Amino acid sequence: MSFQVYNSLTRKKQPFEPIDAGQVRMYNCGPTVYGRAHIGNLRSFLFADTLRRWLEHEGLEVKQVMNITDVGHITADADQGEDKLDAQARKEGRDPWKISEQHTEEFLADLAALDFLEASIYPRATAHIEEMLEMIDGLLEKGHAYRAGDNVYFDVSSFAEYGKLSGNKVEDLAAGARIDVLEEKRAPADFALWKSDPAHLMKWESHFGPHGFPGWHIECSAMARTHLGDRIDIHTGGEDNIFPHHECEIAQSEAFTGEPFANYWMHAKFLQVDGGKMSKSLGNVYTLSDVESRGFRPRDLRFTLLRGHYRQPLNFTWAIMADSARALAKLDDLVTRLKRIADGQEGAAEATAGEDLVRAAKQAFRAAMNDDLNTPPAIAQLFGLRDHAVQECLGSAAAALALEFLAGVQGALGILDMQEESLDQETQDIFNERIRARENKEWARSDKLRDELLERGIVVEDTGGRTVWRKR
RNA sequence: GGCGGCGUAGCCAAGUGGCUAAGGCAACGGAUUGCAAAUCCGUCAUUCACCGGUUCGAGUCCGGUCGCCGCCUCCA
C-alpha cells in the first residue's frame with residue numbers, strides 16, 4: 001500500500017517516492033506577512049501540515065520548510081504593481097519591518113493554536129537577499145536573464161519548458177495580459193528578478209544599484225535551495241500559486257541549476273464561504289480570531305477544514321462549524337468509551353472480541369489517507385469504530401488496540417482529544433458530594449451542585465446508572 | 001477571449017464503469033431519565049444540475065446546456 005499523491009505537474013495521481021529513501025524534502029509556500037492569515041490561508045497551510053504528518057506517520061523523515069515572505073511582492077510591471085508590505089506600511093504610517101514582524105508572530109501563534117506541527121524552519125525572505133542575488137547573477141551568466149538599467153528580468157524565451165506546470169502558453173499569456181507591458185522588457189511574459197526604485201521602503205544596495213529589492217518569485221527559489229538543496233521532493237501552495245508564482249520558480253530554479261526543481265507539486269483548492277468566494281467586500285474574510293469570538297475552538301476549525309478533501313472546493317459556513325463541534329463531541333465520546341472498555345468497565349466479555357473490526361478500521365483509514373490524503377472517508381472510519389464501541393462489540397484488548405490506532409490518527413490529523421483529564425481536588429469533592437445528594441434523592445441540593453460544577457466548566461451527566469463528567 | 005476545477009439528500013461530504021450510492025450534522029418516531037444534559041434504537045437519495053450519446057451495465061466515460069469557483073502578472 002503506497003502513498004499516492006496528485007501531482008499538479010503531471011496532472012495525475014502517482015506513487016510518492018522520495019529522492020533519498022526514507023527522507024522527504026518539502027517546501028511549503030508560506031504567507032506574505034502584511035496582515036492576519038484568514039481561514040482560506042489556513043486551509044492551505046493545514047493541507048501542508050497534514051501532508052507532513054502523514055509522511056511521518058508512514059515512517060518517513062521530513063524536512064519541512066515554510067517560508068515567511070516579509071518583503072513585498074511587487075508585480076513585474078512597475079508602478080501598477082503593488083508591494084503589499086510597502087503599501088500596508090504607507091497606509092499605517094509604520095515601518096514595514098515592524099509590520100512584518102508583528103504579522104509573523106501572529107501567524108506562528110495561529111499555527112500553534114491550530115496544533116500545527118512546527119516546521120523544521122521558517123526562513124524569512126529578507127534574510128536571504130544574498131542567496132537571491134547569487135541566483136540572479138548565475139541566471140545572468142547563463143543567459144537566462146538580462147539587465148535593463150537597474151532592473152533584472154528573467155528571459156522566458158530562454159527556458160523552453162516555461163508553462164509546463166500551469167499549461168499556459170507564452171503566446172496566449174501575452175495576448176491576455178491585463179497590464180501594459182513595460183518598454184524595457186524584451187517580451188511580455190518576462191518577469192522581474194530584481195527591481196530598483198528609490199521610493200521603495202524596503203530596499204537593498206547591490207551591484208545592480210543602491211535601491212534594489214527582489215522580484216516576487218526569486219525568494220522562494222532561493223530559500224528552497226538554501227535550506228533543501230537544488231532538488232526537492234515536494235513543493236506545496238494554494239491553487240492560485242500555480243501561475244505565475246510556481247511556474248516562475250520552476251523557470252528560475254531549473255535554469256539556474258540545470259536540474260529538475262521539485263518532483264511533486266501539490267496545490268490546495270480555495271476555500272469558499274457561503275457557497276461563493278471570500279472577499280473583503282462581502283465581509284466574509286474570517287480569521288482565527290473571528291472563529292474564536294463566535295465561540296468555536298481552533299480544533300473545530302481544524303476539523304471543519306479536514307472534512308473536505310484538500311483538492312475539492314470546500315464550503316465554509318458558521319452552520320458547518322457548529323456541525324463540526326457536535327461531531328467532535330462524538331469522537332471525544334469514542335475516546336472516553338474506549339478507555340472504559342479497555343479498563344474492563346464495560347464492553348464485550350471476551351477481551352479480544354472485535355479486534356478484527358479495529359484492524360479493519362485501521363486499514364481503511366490508512367488506505368484513505370494513502371489515497372492522496374482523502375481525509376473525509378478516513379474520518380468516517382472513526383465513526384464506524386464508534387458504532388462498534390457503542391454496540392458493545394469490543395473487548396478490553398480490542399479497545400486497547402483501538403486506542404493505539406487513535407493515537408496514530410491523532411498524529412496524522414490532530415483533531416482528537418486524547419488527554420487524560422482529571423478534576424482538581426475541590427471540584428472532585430463537589431462532584432462526589434453531588435453523587436451522595438442524588439443517592440439521598442436531595443434533588444434541590446443535587447441541582448445546585450450541578451450548577452456549581454457547570455460554573456467550573458464541568459458538565460455532569462447521570463447516565464446508565466452512573467454519573468460521569470466532561471469538560472465544557 | 002484562453003486554460004482548469006466543481007455541481008451527489010435540508011446542510012457538509014465520499015464515491016472516478018458493476019453487489020442494496022460511505023460518513024457527519026440537522027429532522028422525525030421511539031427508549032432511557034427526579035429534572036436536565038447526554039446517550040441508545042429506528043426512519044431519512046429507485047437517485048447523483050439538466051439534455052443527449054457510448055456500453056450488457058454510468059453518479060462515474062463522451063458531447064451539449066445551465067450554475068458556481070479558480071488562473072491568465074495582488075491573492076493560500
Side-chain angles (χ1 to χ4, degrees), chain A residues 8 11 13 28-32 34 37-48 72-77 80-84 87 163 166-169 171-179 181 188-192 215-217 236-245 247-248 267-272 275-278 303-304 307-309 311-317 319-331 333 337 364 368 374-384 387 390-391 438 441-444 446-447 450-451 454 459-465 468 470:
Chain A
S8 303
R11 290 182 183 74
K13 278 187 204 169
N28 309 130
C29 257
T32 301
Y34 64 92
H38 58 247
I39 55 177
N41 299 130
L42 295 173
R43 177 191 201 191
S44 163
F45 302 133
L46 177 60
F47 149 63
H73 293 161
I74 187 138
T75 58
D77 291 328
Q80 293 197 46
E82 182 189 50
D83 177 326
K84 292 286 189 190
S166 62
N168 286 328
K169 294 189 181 67
E171 313 85 73
D172 296 341
L173 290 174
R178 290 192 299 212
I179 292 178
V181 174
D190 290 352
F191 56 92
W216 170 20
H217 317 294
T236 73
E239 60 170 330
D240 56 309
N241 281 153
I242 293 172
F243 192 89
H245 188 49
E247 193 73 66
C248 293
H267 297 94
K269 272 278 188 300
F270 264 36
L271 181 71
Q272 292 181 224
K277 68 170 103 176
M278 243 189 331
F303 185 72
T304 297
R307 289 176 74 180
H309 186 255
R311 232 159 14 80
Q312 290 295 121
L314 176 70
N315 189 21
F316 177 95
T317 63
I320 295 161
M321 283 292 287
D323 182 316
S324 292
R326 283 186 288 264
L328 274 176
K330 295 272 176 84
L331 293 182
D333 179 60
R337 276 174 199 268
N374 200 353
T375 49
I379 290 170
Q381 287 306 316
L382 305 182
F383 289 94
D387 287 342
V390 166
Q391 289 157 7
R438 275 192 91 239
K441 299 197 190 306
E442 300 170 44
W443 306 128
S446 160
D447 290 351
R450 181 168 66 196
D451 291 343
L454 192 60
V459 178
V460 181
E461 292 167 10
D462 306 306
T463 173
V468 297
R470 63 185 165 85

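Below, chain A is the first sequence line, B the second, and so on; all start at residue 1. The structure displayed is predicted, hence computed values, not measured ones.
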- Using a 4.0 Å heavy-atom cut-off across all strands, classify A/His309 as base, sugar-phosphate, or nothing. sugar-phosphate
- Taking for each residue the nucleotide of RNA chain B with the nearest heavy atom, is it A/Lys330 or A/Ile39 whose nucleotide lies nearer the 5' end? A/Lys330
- Taking all non-hydrogen atoms of both residues, which atom of A/Thr236 and which atom of A/Ala48 are closest, and how far apart? OG1-CB, 4.0 Å
- Minimum-distance nucleotide to A/Phe243 side chain [options: B/C11, B/G34, B/C72]: B/C72
- Taking A/Ser446 for its side chain and A/Glu442 for its backbone only, find out whether a donor-acceptor pair lies under 3.5 Å. no
- Task: Look at all strands and tell whether A/Gln381 reaches a base, only sugar-phosphate, or nothing, counting heavy atoms closer than 4.0 Å.
- Result: nothing
- Task: In whole angstrom, give the distance that lies between atom CG of A/Asp387 and atom P of B/A22.
- Result: 14 Å
- Item | Between B/U8 (C1') and A/Arg307 (CZ): distance, integer Å | 16 Å
- Message: Considering every strand and a 4.0 Å limit on heavy-atom distances, what is the contact class for A/Ala268: base, sugar-phosphate, or nothing?
- Response: nothing
- Query: If you measure from the ring centre of A/Trp443 to the centre of the six-membered ring in the base of B/G34, is it under 5.5 Å, with the planes under 30° apart?
  - Reply: yes
- Item | Atom-to-atom span, CZ of A/Phe383 to C1' of B/A14 - whole angstrom | 14 Å
- A/Lys441 or A/Ile242: which one's nearest nucleotide on RNA chain B is closer to the 5' end? A/Lys441
- Can you tell me how far NZ of A/Lys330 sits from CG of A/Leu382, rounded to the nearest 0.5 angstrom? 13.5 Å
- Query: Does A/Asn241 make a side-chain N or O approach to OP1 or OP2 of B/G70 shorter than 4.0 Å?
  - Reply: no
- May I ask you to verify whether the side chain of A/Asn168 and the base of B/C71 hold a donor-acceptor pair under 3.5 Å? no
- Message: If the cut-off is 4.0 Å, is A/Gln391 near the phosphate of B/C41, judged by side-chain N/O to OP1 or OP2?
- Response: yes
- Report yes or no: is the ring centroid of A/Phe270 under 5.5 Å from the six-membered base ring centroid of B/A76, with the two planes under 30 degrees? yes
- Message: Between B/G34 and A/Ser446, counting only base atoms on the nucleotide and side-chain atoms on the residue, is there a donor-acceptor pair under 3.5 Å?
- Response: yes
- From the list B/A76, B/U73, B/A37, which nucleotide is the closest neighbour of the side chain of A/Ala189? B/U73
- Query: According to a strict under-4.0 Å criterion, is A/Arg326 in side-chain N/O contact with OP1 or OP2 of B/A26?
  - Reply: yes
- Message: Less than 4.0 angstrom between a side-chain N/O of A/Asn315 and OP1 or OP2 of B/C12, yes or no?
- Response: yes
- Message: Please determine whether any donor N or O and acceptor N or O are separated by less than 3.5 Å between the side chain of A/Arg450 and the base of B/A36.
- Response: yes
- Query: Between B/G70 and A/Lys277, is there an OP1 or OP2 to side-chain N/O distance shorter than 4.0 Å?
  - Reply: yes
- Between B/C61 and B/A31, how far is it from one P atom to the other, in whole Å? 47 Å
- Donor-acceptor pair under 3.5 Å, A/Asp240 side chain vs B/G70 base: no
- Item | Beyond-backbone contact of A/Lys269 with A/Arg43, side-chain heavy atoms, under 4.5 angstrom | yes
